[in-house]
Asker: 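Okay, handing you the structure first.
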2 protein chains.
Amino acid sequence: MPTPARTSLTAIVAAGRSILAQDGLDELTMQRVAEATGVRAPSLYKRVPGRAALVRLVAADAVAEVGRCLDAVATSGDPVSELRGQAEELRRFARADPHAFGLVFAPPTEGRVVDPSLLAAAAAPVVRVVAELVGPEQALNAARTVTAWASGFLRMELAGAFQLGGDVDAAFDYGISLLVDALGRHVR
Amino acid sequence: MPTPARTSLTAIVAAGRSILAQDGLDELTMQRVAEATGVRAPSLYKRVPGRAALVRLVAADAVAEVGRCLDAVATSGDPVSELRGQAEELRRFARADPHAFGLVFAPPTEGRVVDPSLLAAAAAPVVRVVAELVGPEQALNAARTVTAWASGFLRMELAGAFQLGGDVDAAFDYGISLLVDALGRHVR
DNA sequence: ACCTGAACACCGTTCAAGT
DNA sequence: ACCTGAACACCGTTCAAGT
């Protein structure tokens, strides 16, 4: 006899993101997710193949959110200030949800990669803004440079890797200014 | 009655790095390290407080190696080619030992940070080369920009995050060229 | 059709007992 | 002093049994 479902994939992923945000990846266990969704751990396997897949779904959810944020923030019409705004927006996200940010570019060897099409969608707003700055031919290379810098900087900042003193805010501003200036000069 | 030690901290860390390199972080278990060092798992606790600390020691070992590589490669006397060489050297390391590279800037929330002084030592060769390029005042900001870009780019590359097509080697070259040019122009 | 308790394999960690 | 087997808590996962 059929039984009504007591949870759903979206509820599971939402619970996963909440636990990740609050207590980190190690605490993102099947048991805690089950508890948060009002079900027992074995029931989760009706919706999700296993923990690794769940972590990947949670990461994908975070990537999608980042993409929406990056898109929403680029509305001024001026590519230079839009690109700065996107960098600052990414920094805001990283600080608001550092565990989720840390999952975005986790190496595939740990079994946590995000679906390629989702990564592409999240990167699209940056490519769009950068294209206005350097033109379509170099847009991809330029967007990759900016994205690499921003994600690397934020990861280092979150990891507490800036240990040589100095003003980290100033270093962030130095970096984005250097890139924006260099890319702006790239136009012809 | 005293018993001669059957293993050592250095042997434990070396075994840990080897297992990490070959099979990834999830396989870096106390049991596998114990097996590789010819001892039982509980004995490891005589040298190491626990798995989290062992992972940190392994990460520190990798960071120290990166620092030595970055130092050894900067000998041409020309800061521009030295900086390019350091970027390529970091890429070589990341490809040779992706799991170790992935551990270098792991977020502190996962409990894996490297000792600040070790990070400083590893970064020192880059700061030295960059200082020749932009002068001492902006050396730290500039080094942070280059390091953030390089580590972010390599992490994305290892994560398979470059999904929009294009030549990834060309994107790496574009990025380091843009940075070197911009920093070179920064001199006065 | 979905949910559950019980069970299994595995891991980190502790500790009393051995040498 | 160092090492070990045994034990404990915990987690991921499977599955037969329930509704």
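Letters A, B, ... mirror the listed sequences (proteins, then strands); counts begin at 1. All heavy atoms count here, side chains included; hydrogens, waters and symmetry mates do not.
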Asker: Check this for me: does any side-chain nitrogen of one of A:Asp97 and A:Arg92 sit under 4.0 Å from a carboxylate oxygen of the other?
Answerer: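 No, this pair does not count.
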Asker: Hey, does the side chain of A:Arg6 reach the backbone of A:Thr37 with a donor-acceptor pair shorter than 3.5 angstrom?
Answerer: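 No; zero donor-acceptor contacts below 3.5 Å.
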Asker: Which pairs with one or both residues in residues 135-161 of chain A pass ring pair (Phe, Tyr, Trp, His ring centres under 6.0 Å), sequence neighbours excluded?
Answerer: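 Only A:Trp149-A:Phe153, A:Trp149-A:Phe172, A:Phe153-A:Phe162, A:Phe153-A:Phe172 qualify under ring pair (Phe, Tyr, Trp, His ring centres under 6.0 Å).
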Asker: May I have the distance from B:Arg32 (atom CZ) to C:dG12 (atom C1'), rounded to whole angstrom?
Answerer: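 So the two atoms are 16 Å apart, to the nearest Å.
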Asker: Pull out every residue in residues 35-47 of chain B that has a heavy atom closer than 4.0 Å to any atom of DNA chain C, ordered by number, or say none.
Answerer: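 The answer is B:Pro42, B:Tyr45.
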Asker: So that I can compare with my own list, what are the stems of DNA chain D, taken as at least three consecutive Watson-Crick or G-U pairs with distances under 3.5 Å?
Answerer: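 Correct response: C:4-8 with D:12-16, C:12-16 with D:4-8.
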Asker: Atom CG of A:Leu9 and atom P of C:dC2: how far apart are they, to the nearest Å?
Answerer: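 Computing the A:Leu9:CG to C:dC2:P distance gives 13 Å.
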Asker: Nearest whole Å is fine: how far is C:dC11 P from B:Gln31 CD?
Answerer: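 Checked: the CD to P distance equals 5 Å.
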Asker: Taking atom C1' of C:dG12 as reference, at what distance in whole Å does atom CG of B:Leu54 sit?
Answerer: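 The distance from CG of B:Leu54 to C1' of C:dG12 comes to 12 Å, rounded to the nearest Å.
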Asker: Under the side chain to side chain donor-acceptor pair (under 3.5 Å) test, which residues partner B:Arg47, sequence neighbours left out?
Answerer: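 If we apply the side chain to side chain donor-acceptor pair (under 3.5 Å) test to B:Arg47, skipping adjacent residues, there are no hits.
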Asker: Identify which nucleotide among D:dT19, C:dT4, C:dT13 has an atom closest to any side-chain atom of A:Thr3, counting heavy atoms from C-beta outward.
Answerer: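 Shortest atom-to-atom distance from the side chain points to D:dT19.
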Asker: Keeping the roles fixed (side chain from A:Glu89, backbone from A:Val73), state whether a donor-acceptor pair exists under 3.5 Å.
Answerer: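 No, the answer is negative, given that no donor and acceptor are paired below the 3.5 Å cut-off.
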Asker: Donor-acceptor pairs are to be reported for all side-chain atoms of residues 120-131 of chain B against protein atoms at under 3.5 Å, with residues two or more places apart or in another chain.
Answerer:
from	atom 1	to	atom 2	distance (Å)
B:Arg128	NH2	B:Asp71	OD1	2.7

Asker: Just to verify, what does A:Arg84 make a side chain to side chain donor-acceptor pair (under 3.5 Å) with, not counting sequence neighbours?
Answerer: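 A:Arg84 satisfies side chain to side chain donor-acceptor pair (under 3.5 Å) with A:Asp173, A:Ser177 once adjacent residues are dropped.
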Asker: Rounded to whole Å, how long is the line connecting atom CG of A:Asp26 with atom P of C:dC11?
Answerer: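 Atom-to-atom, A:Asp26 to C:dC11, this comes out as 16 Å.
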Asker: Could you point out which residue of B:Val114, B:Val33, B:Ile19, B:Leu20 forms a side-chain contact (heavy atoms from CB on, under 4.5 Å) with B:Val58?
Answerer: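 Of the listed residues B:Val114, B:Val33, B:Ile19, B:Leu20, the side-chain contact (heavy atoms from CB on, under 4.5 Å) partner of B:Val58 is B:Leu20.
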Asker: Please give, in whole Å, the distance from D:dC10 P to A:Arg51 CZ?
Answerer: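 Result: 17 Å.
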Asker: Rounding to an integer number of Å, can you tell me how far A:Met30 CE sits from C:dC3 P?
Answerer: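 Rounded to the whole Å, the gap is 13 Å.
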Asker: Indicate yes or no for a side-chain donor-acceptor contact from A:Gln86 to the backbone of A:Leu70 under 3.5 Å, with no hydrogens or angles considered.
Answerer: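 The answer is yes, because a donor-acceptor pair under 3.5 Å joins these two groups.
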Asker: By nearest heavy atom, map A:Thr29 and B:Pro4 onto DNA chain D; which one lands nearer the 5' end?
Answerer: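 Its nucleotide being nearer the 5' end, the pick is B:Pro4.
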